[in-house]
2 protein chains.
Amino acid sequence: MNSSTVVKTSFKQQMLKAREVAIIQTVNRLLAEKGFEAMTVDEVAAQVGIAKASLYKHFSSKEDLAAAAMVLVMRRAQEFIQSQPAQATPLEKLRAVVRWTLQVKLAGDMPSLPSQNSTLRATLIANKDYMDGLMDVSDRLGEWIEAAQAEGALNPALPAIAILYTFFARACDPVLEFLKMGGLYQDEQIVDFVLSTCFEGLNAR
Amino acid sequence: MNSSTVVKTSFKQQMLKAREVAIIQTVNRLLAEKGFEAMTVDEVAAQVGIAKASLYKHFSSKEDLAAAAMVLVMRRAQEFIQSQPAQATPLEKLRAVVRWTLQVKLAGDMPSLPSQNSTLRATLIANKDYMDGLMDVSDRLGEWIEAAQAEGALNPALPAIAILYTFFARACDPVLEFLKMGGLYQDEQIVDFVLSTCFEGLNAR
DNA sequence: GTCTATATCCCGATAGAC
DNA sequence: GTCTATCGGGATATAGAC
């Protein structure tokens, strides 16, 4: 194999990789916009600009397609979590992560899972990359939650798992889109409102 | 028309009405369990115990079927709201309504709408009974919210509409099913946790 | 009004030429 | 690997007998 062949192959692979990235981005946006069930493979192919059959050369099923998008978003969450400054308090880090989640959702880049048991669930649970990411995120947030509770920053009367789930639920909070549809508030205001209701609650202080 | 005919007709109508109630209850449960898209008309017919074609004599489409269930749940919400004692404070009434919502959802009787713009949305918006109920619920809760803010019970820095949406969102809060799946807590505890995070927030006080 | 049987359509997935 | 054309399954909705 000469050098020319190597370069050619690498270039080809780069093109393929770029196309896959484009596919995943499209899937990500469509998942965020209409959910897994309502998204059609024809739609994905049309928006990417390739034939449907070509999609199936990259991903073997609609579930795999969605799983790839979920893996990407999970990896992004991991990266954001790891980028938190060490000197920040656990509560500050948790607030930053929730804020990031709300911003991604409001920007239309947070894929939404099917409400309940669907074929996608099984695919995701069987996906090592996704599950590893989910475990890692849960572990890191779980540590911060317990630390924040120990130092009296988060309510110690709540189980840590309930707090963790409450954070996860912000990734599919319909309040964001409701407020955005109303058109009365800027995105940053909306994020601040939801962040406030999440941590400070609705009661006056 | 003699009296016998009248009785017979009335009885027939009662039977039909009873069957429609059975249909709506089945639809309600299925909507809560798997959502509008995943629910099939064949499934509804099978669980009610009649042929699919018979369903279409009562309701002209799958959307109408779901809308009937939504109208019923909205009317139940109206009734619960109206049953609140006059001497209770606005905050107490709001807490009671949110608690009721969480309990209905946890019991598997809260139909869940499609995440976003679907054919069901248009049907619901065109449905006078549903929209009237929604407006009435919004108006009554809105008054209580503003009263609670005025007397310093709810955070006055939040727009009343954001608080209202936050209440509505509890009807599809995934935290409830997450915690229920874990099996560690009783239903009443789960409701208390979510109620606490909703009003008191996650921060320590 | 209720049934069985069927029309019609949509969507995920594949065949096969290039 | 990409395309056009198509299969096969499943879902909504309807026809027509009783």
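The chains referred to below are lettered A, B, ... by the order of the sequence lines, with proteins before strands, and numbering in each begins at 1. Remember, it's a predicted structure, so these values are computed and weren't measured experimentally. Heavy atoms only: backbone and side chains are in, while hydrogens, waters and symmetry mates are out.
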Visitor: Does B:Lys180 use its side chain to pair, donor to acceptor, with the backbone of B:Ile190 at less than 3.5 Å?
Guide: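 The answer is no, because no donor-acceptor pair under 3.5 Å joins these two groups.
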Visitor: Using atom types as modelled and distance alone, determine if a side-chain donor or acceptor of A:Arg170 lies under 3.5 Å from a backbone N or O of A:Thr166.
Guide: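 Yes; judged by distance alone, with no hydrogens or angles, the pair exists.
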Visitor: Give me the bend of the helix from C:dG1-D:dC18 to C:dC18-D:dG1, using the axes of the five pairs at each end, rounded to 10°.
Guide: 20°
Visitor: Does A:Gln149 use its side chain to pair, donor to acceptor, with the backbone of A:Leu158 at less than 3.5 Å?
Guide: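 Yes; judged by distance alone, with no hydrogens or angles, the pair exists.
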Visitor: Count the heavy atoms belonging to other residues, nucleotides or ligands that lie under 6.0 Å from CD of B:Gln186, then report whether that count exceeds 12.
Guide: no
Visitor: Which atoms form the tightest heavy-atom contact between B:Ile163 and B:Asn155, and what is the distance?
Guide: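 That would be CD1-O, 4.2 Å.
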Visitor: Given atom NZ of B:Lys52 and atom P of D:dA13, what is their separation to the nearest angstrom?
Guide: 10 Å
Visitor: Whole Å only: how far is the CG atom of B:Asp42 from the C1' atom of D:dG9?
Guide: 13 Å
Visitor: Rounded off to whole Å, could you give me the CG-to-P distance for the B:Asp64 and D:dT12 pair?
Guide: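 Rounded to whole Å, this separation is 14 Å.
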Visitor: By the 4.0 Å heavy-atom rule, please label A:Ser61 as base, sugar-phosphate, or nothing.
Guide: sugar-phosphate
Visitor: Closer to the 5' end of DNA chain D via nearest nucleotide, is it B:Lys57 or B:Lys62?
Guide: B:Lys62
Visitor: So B:Phe193 and B:Val175, do their side chains get closer than 4.5 Å, heavy atoms only?
Guide: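 Answer no - side chains too far apart.
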Visitor: I'd like the 5' and 3' limits of the part of DNA chain C contacted by chain B, with heavy-atom contacts below 4.0 Å.
Guide: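 Both ends considered, the range comes out as C:dG1 to C:dT4.
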Visitor: What is the distance, to the nearest angstrom, from the CG atom on B:Leu30 to the C1' atom on D:dT12?
Guide: 16 Å
Visitor: Tell me: CE of B:Met39 to P of D:dG10, nearest whole Å?
Guide: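 It is 19 Å, rounded to the nearest whole Å.
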Visitor: Any donor and acceptor pair, going by atom type alone, linking the side chain of A:Thr101 with main-chain N or O of A:Val97 inside 3.5 Å?
Guide: yes
Visitor: Quick one: closest heavy-atom pair of A:Glu43 and A:Ala38, and the distance?
Guide: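 Closest heavy-atom pair between A:Glu43 and A:Ala38: OE1-O, 4.1 Å.
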Visitor: Find the distance B:Phe36:CZ to D:dT12:C1' and express it as a whole number of Å.
Guide: 10 Å
Visitor: Check every strand shown and say whether A:Thr40 touches a base, only sugar-phosphate, or nothing at a heavy-atom separation below 4.0 Å.
Guide: sugar-phosphate
Visitor: So A:Leu124 and A:Glu63, do their side chains get closer than 4.5 Å, heavy atoms only?
Guide: no
Visitor: Under 4.0 Å from any atom of DNA chain D, heavy atoms only: list the residues of residues 18-28 of chain A that qualify, in numerical order.
Guide: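 Correct list: A:Arg19.
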Visitor: Using atom types as modelled and distance alone, determine if a side-chain donor or acceptor of A:Ser112 lies under 3.5 Å from a backbone N or O of A:Leu31.
Guide: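 The answer is yes, because a donor-acceptor pair under 3.5 Å joins these two groups.
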Visitor: Measuring from B:Phe199:CZ to B:Leu154:CG, what's the distance to the nearest 0.5 Å?
Guide: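 One finds 6.5 Å between CZ of B:Phe199 and CG of B:Leu154.
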